[in-house]
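Taking it in order: structure first as structure tokens, then the write-up.
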Amino acid sequence: DTAHPLAVVEFAAWSRLRHPHVVRAYELLRASSGPLPPGTPYLVLELVRGLPVHRALRAGAETPSVLEEVARRILRALDHVHRAGIVHRDLKPGNVLVGPSRRELGRVKLTDFGLASESGRAGEPGHISGSIPYVAPEAILGLEVDGRADLYGLGVLLFFLATGRLPLASRSPERWIRWHLDGPPAEPRQLRPELPARFAELVVRLTKRACDARPADATEALSILGSAPARTGFDSIPELPLGERAQVRFALDGARGGAQRELELPSHPGHARATRRELTIRAAAAGVTCLTLERTAGAR
């Protein structure tokens with residue numbers, strides 16, 4: 001008994017990814033009850049409390065430091081994705097999540113790999129995958145695509161976040177296709193002259209029509225922005241070691257069978273946060289209730 005072929009392919013690609021700026025895919029299951037028809041495949045994903053980037057940030061009004069940090073985090077995510085041999089193929093505002101934060105910028109997570117494919121694969125003739133304003137010229141032409149197609153989509157996204165507008169004011173797919181193939185450069189400083197030259201250079205280079213004219217990969221694109229400010233560490237939660245992930249899984253398996261199970265959080269603060277995250281996601285999928293117990297000396 002297998003899930004829908006498209007769901008299997010999506011999960012196979014997504015589940016290989018392990019990065020602080022990529023939403024985790026945990027399990028592919030079939031619905032047995034609830035709002036979905038029985039037998040419908042569904043993915044169990046990491047819970048991210050946040051909003052799409054165009055709703056979490058003020059497009060056209062964010063500071064250059066925030067814009068550059070968004071670009072860095074998405075590029076780090078893409079570097080991991082592309083090193084895994086995957087092309088996202090649908091980089092757009094709705095697929096970049098930003099979590100709440102009292103600081104300048106919350107956690108940034110790349111999500112929705114429903115259109116992802118192996119690097120170097122060509123599209124179907126006459127069929128365009130992805131959102132038209134963000135699709136790369138080579139994808140429009142049905143040519144082979146690699147990570148540089150995602151970099152193109154990121155360039156358009158950064159233009160929108162920086163200026164509050166897309167580089168073409170049109171809802172016509174035909175006009176957008178013409179713009180992607182032979183339109184003027186996407187130069188954000190024409191609308192916001194105060195933007196740093198390096199940020200504007202990044203956007204222009206990412207949106208070059210010829211893929212060979214773009215940065216070769218996400219690492220080269222990151223080099224255009226130069227060194228980033230020192231990181232505070234609040235943004236990322238480390239990956240939970242396999243042994244501790246197994247303890248969570250065994251405890252939940254027992255709880256699903258009707259038993260009560262107790263887990264002690266690791267002493268390492270990062271691993272404790274990672275354990276809470278793993279437990280929250282898997283418990284919600286299994287319908288298990290979790291309680292947090294405070295321990296004091298000499299008592300339980």
Side-chain angles (χ1 to χ4, degrees), residues 53-54 59-60 67-68 70-72 74-75 77-79 81-83 85-96 110 115-193 195-225:
V53 65
H54 62 299
L67 294 171
E68 290 189 349
V70 169
R72 286 190 177 94
I74 299 175
L75 283 168
L78 289 177
D79 179 64
V81 171
H82 297 160
R83 287 179 185 274
I86 299 170
V87 184
H88 187 281
R89 295 180 70 103
D90 196 19
L91 201 71
K92 61 182 180 181
N95 289 340
V96 177
L110 181 63
L115 296 180
S117 68
E118 295 179 1
S119 182
R121 179 177 296 178
E124 298 178 18
H127 178 76
I128 299 175
S129 296
S131 300
I132 288 292
Y134 302 91
V135 69
E138 58 268 31
I140 293 173
L141 297 172
L143 304 176
E144 292 182 358
V145 298
D146 56 24
R148 292 171 294 182
D150 289 340
L151 297 183
Y152 183 91
L154 175 59
V156 178
L157 171 57
L158 294 176
F159 182 98
F160 170 68
L161 293 178
T163 66
R165 307 179 192 176
L166 288 168
L168 176 66
S170 176
R171 294 186 178 181
S172 166
E174 292 78 11
R175 290 190 62 191
W176 269 108
I177 289 173
R178 287 198 297 270
W179 183 84
H180 285 306
L181 297 179
D182 194 28
E187 170 52 86
R189 289 213 292 183
Q190 290 180 352
L191 298 175
R192 283 188 67 181
L195 289 171
R198 66 182 185 181
F199 180 84
E201 179 188 355
L202 175 68
V203 173
V204 170
R205 288 188 59 186
L206 291 181
T207 53
K208 291 286 188 182
R209 277 29 179 211
C211 59
D212 289 340
R214 296 173 215 149
D217 51 35
T219 300
E220 182 179 331
L222 276 167
S223 70
I224 298 173
L225 290 177

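Keep in mind the model is a prediction, meaning the values are calculated, not measured.
- Heavy-atom minimum distance, R209 versus L181: CG-O, 3.7 Å.
- With H82 contributing its side chain and S119 its backbone, the two residues share no donor-acceptor pair below 3.5 Å.
- Counting heavy atoms of neighbouring residues, nucleotides and ligands inside a 6.0 Å radius, atom CZ of R165 does not exceed 12 of them.
- The local environment of CZ in R192 is crowded, with over 12 non-hydrogen atoms from other residues, nucleotides or ligands closer than 6.0 Å.
- For the atom pair CG of L195 and CG of L158, the computed distance is 11.0 Å after rounding to the nearest 0.5 Å.
- Considering CZ of R214 and CG of L151, their distance stands at 7.5 Å, rounded to 0.5 Å.
- Across all their heavy atoms, A71 and L225 have their closest contact at CB-CD1, 3.9 Å.
- Distance CG/D146 to CD1/I86: 14.0 Å, rounded to 0.5 Å.
- Residues R148 and E138 share a closest heavy-atom pair of C-OE2, 4.2 Å.
- Under a 3.5 Å cut-off, the side chain of R189 and the backbone N or O of P196 do not form any donor-acceptor pair.
- Closest of all the heavy-atom pairs between G155 and V203 is O-CG1, 3.6 Å.
- The 12-atom threshold is not exceeded at CD of E118, counting heavy atoms of other residues, nucleotides or ligands nearer than 6.0 Å.
- Between A221 and L206 the shortest heavy-atom distance is CB-CD2, 4.1 Å.
- Here the straight-line distance linking atom CG of L166 with atom CG of L157 works out to 9.5 Å at 0.5 Å rounding.
- A distance-only check finds no donor-acceptor pair linking the side chain of S131 to the backbone of Y134 [under 3.5 Å].
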### Message
Run L191 and F159 through side chain to side chain contact (heavy atoms under 4.5 Å, CB included) and show every step you take.
### Response
CA-CA 10 Å; L191 298 175; F159 182 98; 4.0 Å; yes
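- One finds a salt bridge joining D79 and R83 here, because a Lys/Arg side-chain nitrogen approaches an Asp/Glu carboxylate oxygen to under 4.0 Å.
- Interatomic distance, CD1 of I177 versus CG of D182, reported as 13.5 Å (0.5 Å rounding).
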### Task
Please lay out, stage by stage, how L91 and V156 fare under the test side chain to side chain contact (heavy atoms under 4.5 Å, CB included).
CA-CA 9 Å; L91 201 71; V156 178; over 6 Å; no
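- Of the inter-residue distances, the one linking D90 atom CG with S117 atom OG reads 11.5 Å to the nearest 0.5 angstrom.
- Taking each heavy atom of I132 and W176 in turn, the nearest pair found is CG2-CB, 3.3 Å.
- Within the 3.5 Å criterion, the main-chain N or O of L78 finds no donor-acceptor partner in the side chain of D150.
- Evaluated for a side-chain contact (heavy atoms from CB on, under 4.5 Å) with W179, the options P167, P133, S170 yield exactly one hit, P167.
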